[in-house]
Every structure is written in C-alpha cells, then in structure tokens.
Amino acid sequence: MKKSALQQARATYQPKLPYALTGAVKMVEGKPTQSVANQEEIKALFPCTYGLPEITFEKTNPTVGKAINVGVILSGGQAPGGHNVICGLFDGIKKINKDSRLYGFLMGPGGFVDHQYVELTSEIIDEYRNTGGFDIIGSGRTKLETKEQFDKGLEILKQLEISALVIIGGDDSNTNAAILAEYYKANNAGVQVIGCPKTIDGDLKNSLIETSFGFDTATKVYSEVIGNIQRDCNSAKKYWHFIKLMGRSASHIALECALQVQPNVCIISEEVEAKDMTLQDIVNNIADIVAARAAKGHNFGTVLIPEGLIEFIPAMKRLIAELNDLLAHNSAEFSAIADADAQRQYVIDHLSKENADIYAALPKGVARQLSLDRDPHGNVQVSLIETEKLLGEMVGKRLAEMKSEGKYTGKFGTQYHFFGYEGRCADPSNFDADYCYALGYNAAMLINSGVTGYMSSVRNLVAPSVQWLAGGIPITMMMNMERRHGEMKPVIQKALVDLNGTPFQRFAAKRAQWAQETCYMYPGPIQYFGPAEVCDQCTATLRYEQLDK
Ligand code: FBP
C-alpha cells in the first residue's frame, strides 16, 4: 500500500499507555455493582453476569501468561481509532504470551455468524497503526441477538480455539456483547466476551466510561470545517449556513462543535425536548436571530443542527413512537404496498388522530423518511432526514412573513451542509490514538484476568495519558429497560446532553452574545506533531464534564 508522507510519519507514532499497563497487571476488585435502573428485571435477565464488581488494574511484576486465541469484531458506524484498539489488543495478548493469536471477523457481527475471518498477523497490524477507518477487517450492523447466531458463532470459536471475543461497538453492540457473555457463561461455553466503547456520537458514557472513542477526532474534524465555513461566511457576508451534524439522538457532537467554533446558533435537541418546543418555535427563534443580525447589516451566519433533532420535538417523538410500533407490528402489510403515496395514506389511516395530523402536515420527503426501514437496532435513520433544509426553508418562509409585517428588511441566502461521514474515518488525534490503543491493550488484560461481560474502561482522561487509570466495568451496570420494536428490552442507557452539566451551561451562558455578534473561532486542522497544547488537547466536553465531578 503506497503511503503519503504524513502516513509514513504517523505510522511511527508510539501510543502512550497508562502507567498501570506498562508492565504486568494485578486486578483489584471494587464493590459489587448494580444496573442504573430496573435492577430486578436486569438481574433476572442476567443471572450469571449481574452484580459483578468494578475492576481496577495496578502494575505488578511481569510474568508470562498462557497463550490465548482471541477474536475481534468491529460493529456499527466507523469511529477514528478503531484500528488502534485492535493494535493495542494484539500487542497486549502478545505481551501476555508471544504465541497468542488474534482473529478478526470480517464486516462486523455478520462475519462472526457466517464464519468469515482473517488471522491478524504482525505484518497486517503494522500496516494499520494510528490510521483511521475500520478497513482492517470492515464493520457491519448485523444485530447479534438470537441463540442460533450465538451457537453458530460458537462453532467457529471452537474451531479456531478462541477463548475470548472482543466486540468494539456502541451502546447497541455492547448490549449484545452483554447478552452474548451471559449466554456463553450460562452454557459453560468457555468463551469470555469483552466490550470496547466506540462511537463518534459520544453517547456511550457514564461515571466509569468517560467518553467513547472517536468523538474527539470526529468533533475536531467537524470543528475545523465549520471554522473554515465561518471564515468564508465572514468574508463574503452573504449566506446563512445551515449545518447538520451527525450524532444520532444525542447532541454531544453539535454542542462540542459549538464550544469550539462559537456559531451564531446551535440547537440542542435535549433542550428542545425539555422546553417542550415545537418545530415552529425553533424556526421562529432562528428567524428572530437572522432579523436581529440583518438589522445591523449582517446578512450571514451559521446554524448548527444535531441530526436527531426531529426525534426530540415532543410532538414528533410521540409520532415516531407510534410509527415504530405500527411498523413493527404491520411490517409485511406495509411493505407489500408498492406506491409511496399509498404507503403514506396507509400510515395516516392507521395512526391516532393527533399523530396522523402531524404526519400529514410534514413535507412528504421527511414523512417518507420517518416511515422507511429502521436500522437493525430499530432506530429511525436520522442521518437521512434533511433537517437542515427543512429548517432553512421554514426560516425563509417565516422571514417572508416578517418582511410583510415590516419586521425584517434583510436578504436571506442559504447554503446547506451535512457533516458526518467526513469525520468518521479520520486518522485518530493523539488523544484517540492513545485512548484506543490503551482500550485494546486493557481488553487483553481483562481477558487474561478471566472476566466476562465487562467493558474495557480507561479513565482520568483529562490528565496526561501516563496518569490514566485502567480497568473494567460490568456491562450490566449500564443497563435499563427500554421499549424497542414494540417490546421492553434490556439495553445500555444512552447518555444524552445533561442540561445541568457544565458543557451545556458554558454554551448557554454565551449563546446570546454569539447570536448577535460575530465571535467565530477557527480551530484549524488536527495537529499530530508539535507542542502538547496544540496536539494533545481533549474535547471541551470532557474537560468541562470532569469539572462537574
Ligand atoms: P454508531 O452508533 O454505530 O457508532 O454510528 C454512529 C453514526 O455515525 C451516527 O452518528 C449516524 O446516525 C449513523 O452512524 C449513520 O449510520 P450509517 O453508517 O449506517 O450510515
């Protein structure tokens, strides 16, 4: 593979490990844990893996462990640093015993079920150190949930003498890792299952998982390009840029980018829900800001929109919940209708009056997207809904009304952007390169300690990486019961933006000024080489959240 000059230089970067992982480790058990909610239900569903203690590693004298064969799966959307998790895992199991072997299942959980795999040798691993992407083995969204899949997977694990499986994924994939761990333990399969917290969305976190990997790099990439747009915007002074940002339900990405670039407007879905706002309320707020800036001669600006916004507008949320149930229970009948208009009518006829009215009033494209296929985990595919255009067009209409009432005299030109895929495979920042390598290496130590149903946990992340703490937390500890596909299921609780938390509060304290004035910041591209204050800064979200502790 031909490499650019930067890739060649980057390949030589040696990720820094927490001190505890720089030798052999001693496992220190904490207190037994319990799930974040619905303790009785979760306990009953996970009799073998519920209530396990939190684990911390301490450095001890090196010893040679026994050789182990480990399998690894990349699950769900790409996130910068996935390759380093695999490199860390590889180096970790080799450190335990040089005869240990690592097998990668191809294209996500599907490769595990279909027995598609590759042995990851040092030649392959060395090609991918510190690189972005998941292309080393590919990723996929197949949901691991049935006993048949678990048993089929077990066949290949037995054939390859694999005694531990590492699943690198988001909340849904780690939920499945917990279910798999429980199943293998209950059936004495002799296979440990360990999870690693991945997702650019930043919504897989709690007191012991401070952030998911990939969030740092992805938000730095988006902040760089938003900063460039703001510079363009402030140079030409003729467009309002409506910028939708990935992040699925949670608004962590939008909030982090806002803290980095100081836009004129940033919508936070969680606040929209808390304040019971309608779509029209959001549109009116933006239009008022556009008009106020126009009154000062500033007919330009930036609006950041989290991709999950639609799901958080309370009336839309009720509509989506009813739609989810309707489509889950009538999927065959619904998909048998060939014509898009007839499908729309079918939905309108089967919804309650309140929801049917909202659905019928939506632009056809948005309504259609809401009734299209869910992803394998039952989520509406919010990245496909063009919320930025919907808002831009509605703001345009509102401004026309304001103009006719003599409340607005400016010009309103729009540009639309959606940033998501641009950041998911970027070369990991130094933070993500170190964090991911440590997560993978730490997963090897959890395997060597004999535990199952744990997530690799590396903490104290605002300190220099050598001071990071390493250990594991039982996945069941993060679970609660939620309605999915019309049924109550145990799932890892998503971490949404905390409106009382410091990241949001800092934003809220500044946004009125950012709306009226032009306070843009231009973070520039990720730097890999140079002074620590330029290259090794973690996100503002992580920094501010740690102040709350
Ligand atoms: P994960 O939750 O699997 O990490 O995916 C994150 C994400 O990038 C979301 O932000 C986005 O909504 C979704 O994936 C897009 O999915 P796809 O990759 O299937 O287009």
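Counting starts at 1 for both ligands and their atoms, following the listed order.
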Side-chain donor or acceptor of Asn480 paired with backbone N/O of Ile492 under 3.5 Å: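 Pair absent, no side-chain N/O of Asn480 close to backbone of Ile492.
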Side-chain (Glu256) to main-chain (Thr219) donor-acceptor, under 3.5 angstrom: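 Answer holds: no.
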Using a plain distance cutoff, I'd like to know if [X] has any nitrogen or oxygen under 3.5 Å from a nitrogen or oxygen of ligand 1.
X: Met246; answer: no
X: Ser75; answer: no
X: Ile200; answer: no

Part of Arg424 with heavy atoms under 4.0 Å of ligand 1, whether side chain, backbone, both or neither: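 Side chain only.
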Side-chain donor-acceptor contact under 3.5 Å, Asn84 with Tyr435: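 Their side chains do not contain a donor-acceptor pair, so the 3.5 Å distance test is not met.
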Pairing residues for Phe215 by the ring-ring contact (aromatic ring centres under 6.0 Å, His included) criterion, not counting sequence neighbours: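 Counting only residues at least two positions away or on another chain, Phe215 forms no ring-ring contact (aromatic ring centres under 6.0 Å, His included).
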For ligand 1, which atoms sit closer than 4.0 Å to a heavy atom of [X]?
X: Thr199; value: 1 (P), 2 (O), 4 (O)
X: Lys198; value: 1 (P), 3 (O), 4 (O)
X: Arg248; value: 1 (P), 2 (O), 3 (O), 5 (O), 10 (O), 13 (C), 14 (O)
X: Gly76; value: 3 (O)
X: Glu307; value: 9 (C), 10 (O), 11 (C), 12 (O)

contact_flag Gly247 ligand 1 heavy-atom lt 4.0 Å: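 Gly247 counts as a contact of ligand 1 under the 4.0 Å cut-off.
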Stepwise side chain to side chain contact (heavy atoms under 4.5 Å, CB included) check, Trp240 with Val395: CA-CA 11 Å; Trp240 271 87; Val395 168; over 6 Å; no
Aromatic contact, Trp468 with Tyr437 (centres under 6.0 Å):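 Ring centres of Tyr437 and Trp468 not closer than 6.0 Å.
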Lys/Arg cation over aromatic Tyr421: Arg424, 6.0 Å, 45° cone: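 Checked: cation-pi criterion not met.
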